[in-house]
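The figures that follow rest on heavy atoms only: side chains count, while hydrogens, waters and symmetry mates do not. Lettering follows sequence order; numbering is per chain, from 1.
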There are 2 protein chains.
Amino acid sequence: MAAKSKAGSLERHPRPSVAVDVVALTVEAGQLRVALYKRAEPPQRGHFALPGGFMHIDESIDDAANRVMAAKVGLAGSFLEQLYTFGDLRRDPRGRVITVAYYALVDARRFRAKATPAARSARVLVPWPGETGGPVDVVGDDGRALPLFLDHADLLGLAVKQLRGKLDDSPVGFQLLPTEFTLRQLQEIHEAVRGEPLNKDSFRRRMLASGLLEATGAHEREVVHRPAELYRFTRRSAL
Amino acid sequence: MAAKSKAGSLERHPRPSVAVDVVALTVEAGQLRVALYKRAEPPQRGHFALPGGFMHIDESIDDAANRVMAAKVGLAGSFLEQLYTFGDLRRDPRGRVITVAYYALVDARRFRAKATPAARSARVLVPWPGETGGPVDVVGDDGRALPLFLDHADLLGLAVKQLRGKLDDSPVGFQLLPTEFTLRQLQEIHEAVRGEPLNKDSFRRRMLASGLLEATGAHEREVVHRPAELYRFTRRSAL
DNA sequence: CGGCATATATGCATTGTGCATCTAACTCCC
DNA sequence: GGGAGTTAGATGCACAATGCATATATGCCG
């Protein structure tokens, strides 16, 4: 991409590499989980990294994030939104790399069915309410902390913070649930993300009053108690 | 920055240029205003651009934003926060340029005193409440719309949205006021940013109850009515 | 000194939330 | 087949936050 003299020129400074990393989140059994894969090469071989890759020169950043999501996690077409761009000088020992972080939300059923085996999910140690913003760690299913690649704990922490903010103003569990779900399931999503229990009645009232949900008329089945009504998101809530 | 074989190599793909643009906002006389300068060179000569520049290879993105703020606006050390990274393929006719957008908040007095003459401020046409997110236009002091450079209307729109969100959860006028101010001035800031009038009593009560303000004991002077008490932000509110 | 403009305080109706209680509907177990 | 167990969903009430109206305070100006 040489400089053009007519239309204004791009300076010939050395340029950084631009990467994309995706924080792919899901909620399973009341736990917030994130897709990670174990690094097979240096630097930091054996550490756990968010799925990522370098942006190509002929694709937009959003396209790069979608490509990563499809190729490395196996979940194309997921809800995906840009988060923050990390660009400290020494964040990557391989050279000057800035990374545009995205977060993705996937419902647990789809994640289990379609995620690539390489991208296992690990449990996120959700910070206390009001403590968001800093780095956040993950633990394996044995409860031991997993070492994270580079500054990926920072990316994860910001994703949790962003997701909490999202739940606050459009009070909806976005793409973390299948199309039909019970109010209890929706509440479990909120509790897992926020890291604190919520009042059941007030949660019900707020959700129903928001107009973002509509009843399907159907009910859940094969539960050991009174079956709850199934709801879906209205079109408006897709913003 | 050549690839290193030992520590993992950076691919030799062509790399985009990385720019930084700053949405420097201030509130004056109840109006939200943004710093712009008129382009003297193509492309889009005569259009109005946000102050910006290319990131150097040996500075962090934050440092680049601070450098732009100091060099092009003359307001070093302002409150500055990253906003979003724009990376569409054809957003800049000069080539593949992704830009990391920042927004800055400056109080009106400091802006008037120190902003460089080249960076004039223009009035922001604040969108209706609930209409945020899309592109936002500006008008000159004669009321005529000013043509904006590239996708800078999108950057501005996102800055307004972000600022509104900021005011919602930490309900404080950040750096848009001098260190001491009256509650009425604080309310005017909020109204200018939100684009709607606010209830005076409830605004007072919420602010005082938040614990983010403390009274100085002093009062404003030389007003033609009862002078209001002056407040300042507590240390906590600086987050 | 009286008029005027705005600050600040007080009271009240309305609304949202937390909490307790009550009833409904389904499965499981005997 | 009926009772126990469990969660869904509805209702009522105390309490806090908000919007609105009203009353009082405090400065300048003529």
Side-chain angles (χ1 to χ4, degrees), chain A residues 27 29-30 129-130 164 167-173 177-178 180-233 237, chain B residues 27 29-30 129-130 164 167-173 177-178 180-233 237:
Chain A
V27 173
R164 285 188 182 175
L167 285 191
D168 282 341
D169 49 60
S170 62
V172 131
L177 286 169
E180 300 194 348
F181 52 88
T182 68
L183 287 176
R184 162 65 68 188
Q185 290 174 316
L186 181 58
Q187 182 174 350
E188 274 174 9
I189 297 285
H190 281 242
E191 289 176 336
V193 170
R194 308 186 52 118
E196 62 182 346
L198 294 173
N199 182 280
K200 179 182 158 186
D201 303 279
S202 129
F203 183 80
R204 287 181 59 85
R205 271 180 304 202
R206 250 185 306 124
M207 285 302 146
L208 294 176
S210 72
L212 297 174
L213 304 182
E214 60 183 11
T216 64
H219 295 72
E220 60 179 346
R221 275 183 291 178
E222 309 192 355
V223 286
V224 71
H225 53 78
R226 172 173 173 176
E229 183 153 23
L230 294 173
Y231 290 82
R232 73 169 75 91
F233 294 129
S237 57
Chain B
V27 173
R164 285 188 182 175
L167 284 192
D168 281 342
D169 51 59
S170 64
V172 132
L177 286 169
E180 300 194 349
F181 51 88
T182 68
L183 287 175
R184 162 65 68 188
Q185 290 174 316
L186 181 58
Q187 183 174 350
E188 273 174 9
I189 296 285
H190 280 245
E191 289 177 336
V193 169
R194 307 187 52 117
E196 63 181 345
L198 296 173
N199 182 279
K200 182 180 160 187
D201 303 280
S202 125
F203 183 80
R204 286 181 59 85
R205 270 179 305 204
R206 249 187 306 122
M207 284 303 145
L208 294 177
S210 72
L212 298 174
L213 304 183
E214 59 185 10
T216 64
H219 294 72
E220 61 179 343
R221 276 183 291 178
E222 307 191 357
V223 287
V224 70
H225 53 79
R226 171 172 175 176
E229 183 153 22
L230 293 173
Y231 290 82
R232 73 168 74 90
F233 294 131
S237 56

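Under the ring pair (Phe, Tyr, Trp, His ring centres under 6.0 Å) criterion, A:Tyr231 pairs with no residue, sequence neighbours left out. By the side chain to side chain donor-acceptor pair (under 3.5 Å) test, A:Glu188 pairs with no residue at all, sequence neighbours left out. Residues satisfying the side chain to side chain contact (heavy atoms under 4.5 Å, CB included) criterion with B:Thr216, sequence neighbours excluded, are B:Glu180, B:Ala218, B:Leu230, B:Arg232.
Rounded to an integer number of Å, the gap from A:Leu230 CG to D:dA8 P is 12 Å. Atom CG in B:Leu208 sits about 13 Å away from atom P in C:dT10, given to the nearest Å. Between A:His190 atom NE2 and C:dT17 atom P the separation is 13 Å, expressed in whole Å. Between A:Met207 atom CE and D:dG9 atom P the separation is 15 Å, expressed in whole Å. Remark: P of C:dG16 and CG of A:Leu198 are 18 Å apart, rounded to the nearest angstrom. If you measure from atom CZ of A:Arg204 to atom C1' of D:dT7, you get 11 Å, rounded to the nearest angstrom.
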Derivation of the side-chain contact (heavy atoms from CB on, under 4.5 Å) call for A:Leu186 and A:His190: CA-CA 7 Å; A:Leu186 181 58; A:His190 281 242; 3.9 Å; yes
Take nucleotides 16-26 of chain D nucleotide by nucleotide from the 5' end and write B, S or -, depending on whether a protein heavy atom sits under 4.0 Å from the base, only from the sugar-phosphate, or from neither. --BBBB---BB
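Where B:Thr182 and A:Val223 each meet DNA chain C at their nearest nucleotide, the meeting point lying more 5' is that of B:Thr182.
Comparing the helix axis at one end of the helix from C:dC1-D:dG30 to C:dC30-D:dG1 with that at the other, each defined from 5 consecutive pairs, gives an inter-axis angle of 0° (nearest 10°).
In this structure, the side chains of A:Glu220 and A:Arg184 stay at 4.5 Å or more apart for every pair of heavy atoms.
Separation of atoms NE2 (B:His219) and OG1 (B:Thr182) is listed at 11.0 Å; rounding is to 0.5 Å. Summarising the geometry, atom CG belonging to A:Leu167 is positioned 9.0 Å from atom CD1 belonging to A:Ile189; distances are rounded to the nearest 0.5 Å.
B:Glu222 comes within 4.0 angstrom of nothing in the nucleic acid, heavy atoms only.
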Identify every side-chain donor-acceptor pair in residues 192-206 of chain A under 3.5 Å, counting partners at least two apart or on other chains, and give the distances.
residue, atom, partner, partner atom, Å
A:Arg194, NH1, A:Asp168, OD1, 2.6
A:Asn199, OD1, A:Asp201, N, 3.1
A:Asn199, OD1, A:Ser202, N, 2.9

